[in-house]
Amino acid sequence: MIWNEKMECMDAHNLKNIQSERLHDTVAYVYKNCPLYKSKLDAYGITPRDIKSIDDIKKLPFTAKDDMRDSYPFGLFSTPVHNLAEIHVSSGTTGNPTVVGYTKDDLKLWGEVMARVLCCAGAEPHDRIQIAYGYGLFTGGLGFHYGSLEMGLTIIPASSGQTKRQLKLMTDFKPRILACTPSYALYMVEEARELGLKPTESSWEIGVFGAEPWSESMRKEIETQWNMLATDVYGLSEVIGPGVAQECKYKAGLHLFSDVFYPEVIDPKTGLDVKDGQRGELVITTITKQGIPLLRYRTRDIVSIKYERCKCGRTSPRISKIMGRTDDMIIVRGINVFPSQIEHVLLGIEGTQPHYQLIVDRKAGELDELEVLVEVEEKIFSDEIKKLRGLEEKIKKEIESVLGVFVRVRLVEPKTIERSEGKAKRVIDKRMV
Ligand code: DLL
C-alpha cells in the first residue's frame, strides 16, 4: 500500500513543477516573515522573484546548524511564537540544543509524511504499533504518534525504557509493528532471553528503526534475532523529526519525500553537487513548512542518492543508509573513521556481541590511540586466555585492514558496556576533554 500515491509516484516533470512553485513560495514566505533570512538573501542579492524554478535553488545560501544556535531560541522562525502548536528541542549529537517549532499545519504535514513512512515500511490500517521511541522533547515518539493516528493504527505509546514492561506489552497486546532505535531493539533481545521469552516468536513482524546510524550487519542481526523485517527510517528535528525518508520492503535505499523536502547531495568542502550515486553531505530545503522553514540546510549526514523508480512503484529519490556524519566521524592519526565501519567488522566475527565502544585518546606528545571495547559471549569469556587473545588478535587485524589505522582491542564481559534506550553512545573522545 502507498499512502499518497499521487505524490509518491509522480512523474519527474510534474514533480519538478510542484517543487518549483513550492520553492518560490517558501522563499517569498521566509523573505517576508523572517528578518534573519531576509538579510541573508539581501546579502546574496536574491529576491523571491529570482526563484522561478527548482534549479534556482543553487542561487540560495546554505543554512547551517550554527545559524540556528546563533539565533537561539526563535531567530530563524518565520512564524510568531503564539502561532506555534508545539515546540521541540534536539540535543543533537554535538554542541548546544536546537529549537524547532510546528504550526498546526506543520503538525498535519508531519502526520502525513509519517503515515507515508509507516505505509512504506509495510504497516496496514488497524495494525497495532508499539512506539518505543522517547516521547517528549525528542521528536521520535510524537512523530510516530501523529503518523500512526493519521494512518489509523492502534497505538501503544510505550515511550522508551522500562524494558520488562515493553516486553509484557508486546506479549499481551501483540503489536505487529515496533518503532524504536536499532540499538534498543537489540538490547531488548537480551532482556527477552533473560525473561525466558523466545525472541523469534515475538508478535513484531516489522521494525521501523532509526535516529542513529546502523549497519547492514546490525540489520541482519535484528532480523534474525526477532524474526522480523527491519526497515530504516531517517529524519532530523530541524527538518521535521522522523519522516524525511523511509525504506520499503525492497530495502534498496530510503524513499525521500521530495515534494516536501527537496534534497541535494554536495561535497562538504566545496559546496558543489557530487555526481548521482556518489557520497556527499545531504542538504535539505523544506518547501511546505510554516513554523521554521529552512533553505538548503546542511544536515552533516553522509549519503548517496539515486533517482530511478523503485520496484515498489515509488518515484521518489532514494538515499543510501546514512554512512556517517561529517562531524561524528572521528579522525585518528589523520584517517577518517566511522563507528559503522567497526560495527560491520564486529558483527561478522563469531562470538562477538553487537555492543561496542570506541575510545580515542592522545597522551602528551604521542600519537592518537584508538581502543575498541568489544563484548564477547559469556562462554567465550570463560574460555582459556589463549583463545581470548586469539579472538582479540583476529578482531584487531580485521579492523586494521578495513580502516588502515592501528587499533587496540579489549574484550570485555557481557553487559559491561552501557546500554541505551535511545541513541547509543559509540564514541568517547578523550582528546576533547
Ligand atoms: O533522530 C529524528 C528521528 C527520530 C529519526 C526517530 C528517526 C527515528 P534528531 O534527534 O534531531 O532527530 O537527530 C537527527 O540523527 O541528522 C542523523 O545524524 C541521525 N539519524 C536519524 N535517523 C537516522 C538513520 C531524530 N536512520 C540525526 N540512520 C540525523 C542514521 C540517523 N542516522
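Just so it is clear, the values below take in all heavy atoms, side chains as well, and ignore hydrogens, waters and symmetry mates. Numbering of ligands and ligand atoms starts at 1, following listing order.
- Remark: ligand 1 atoms within the under-4.0 Å shell around heavy atoms of Tyr133 are 6 (C), 8 (C).
- Side-chain atoms of Arg22 and Asp259, non-hydrogen and from C-beta on, do get closer than 4.5 Å to each other.
- Considering backbone and side-chain N/O of Val233, one or more are found under 3.5 Å from N/O of ligand 1.
- In this structure the side chain of Ile395 reaches within 4.5 angstrom of the side chain of Thr352, judged on heavy atoms.
- Side-chain contact between Arg314 and Glu8: present, with at least one pair of heavy atoms (C-beta onward) separated by less than 4.5 Å.
- Across Gly324, Gly141, Ala211, heavy-atom proximity to atom 20 (N) of ligand 1 is greatest for Ala211.
- Here Thr181 has no heavy atoms under 4.0 Å from ligand 1, in either its backbone or its side chain.
- Close approach to Glu212 involves these atoms of ligand 1, each under 4.0 Å from a residue heavy atom: 20 (N), 23 (C), 24 (C), 28 (N), 30 (C), 31 (C), 32 (N).
- The shortest side-chain heavy-atom distance between Phe406 and Val332 does not fall under the 4.5 Å cut-off.
- Interface of Gly210 with ligand 1, defined as ligand atoms under 4.0 Å from a residue heavy atom, comprises 7 (C), 8 (C), 26 (N).
- Residue contacts with ligand 1: Ser237 is placed with a nitrogen or oxygen under 3.5 Å of a nitrogen or oxygen of the ligand (distance criterion only).
- Of the residues listed (Arg333, Arg408, Lys430, Arg431), the one engaging Asp368 in a salt bridge (Lys or Arg N to Asp or Glu O under 4.0 Å) is Arg431, and it is the only one.
- Which parts of ligand 1 touch Thr139 is read off a 4.0 Å heavy-atom cut-off, strictly below it: atoms 2 (C), 12 (O).
- Below 3.5 Å of separation, one finds no N or O of Thr299 facing any N or O of ligand 1.
- The shortest heavy-atom contact between Ala132 and Leu178 is CB-CD1, 4.4 Å.
- In this structure, Arg426 is positioned above the aromatic face of Tyr356, its NZ or CZ under 6.0 Å from the six-membered ring centre and within 45° of the axis.
- Remark: among candidates Gly243, Pro213, Cys180, Gly235, the nearest residue to atom 5 (C) of ligand 1 is Gly235, based on non-hydrogen atoms.
- At least one side-chain heavy atom of Phe261 sits less than 4.5 Å from a side-chain heavy atom of Leu256.
- Between His88 and Tyr102, the ring center distance clears the sub-6.0 Å criterion.
- Counting atoms of ligand 1 from 1 in the listed order, those under 4.0 Å from a heavy atom of Gly140 are 4 (C), 6 (C).
- Both the backbone and the side chain of Leu236 come within 4.0 Å of ligand 1, judged by heavy-atom distances.
- Within the structure, the closest approach of Lys423 to ligand 1 falls below 4.0 Å when heavy atoms are considered.
- Of all the heavy atoms of Ser90, the ones lying under 4.0 Å from any atom of ligand 1 belong exclusively to the side chain.
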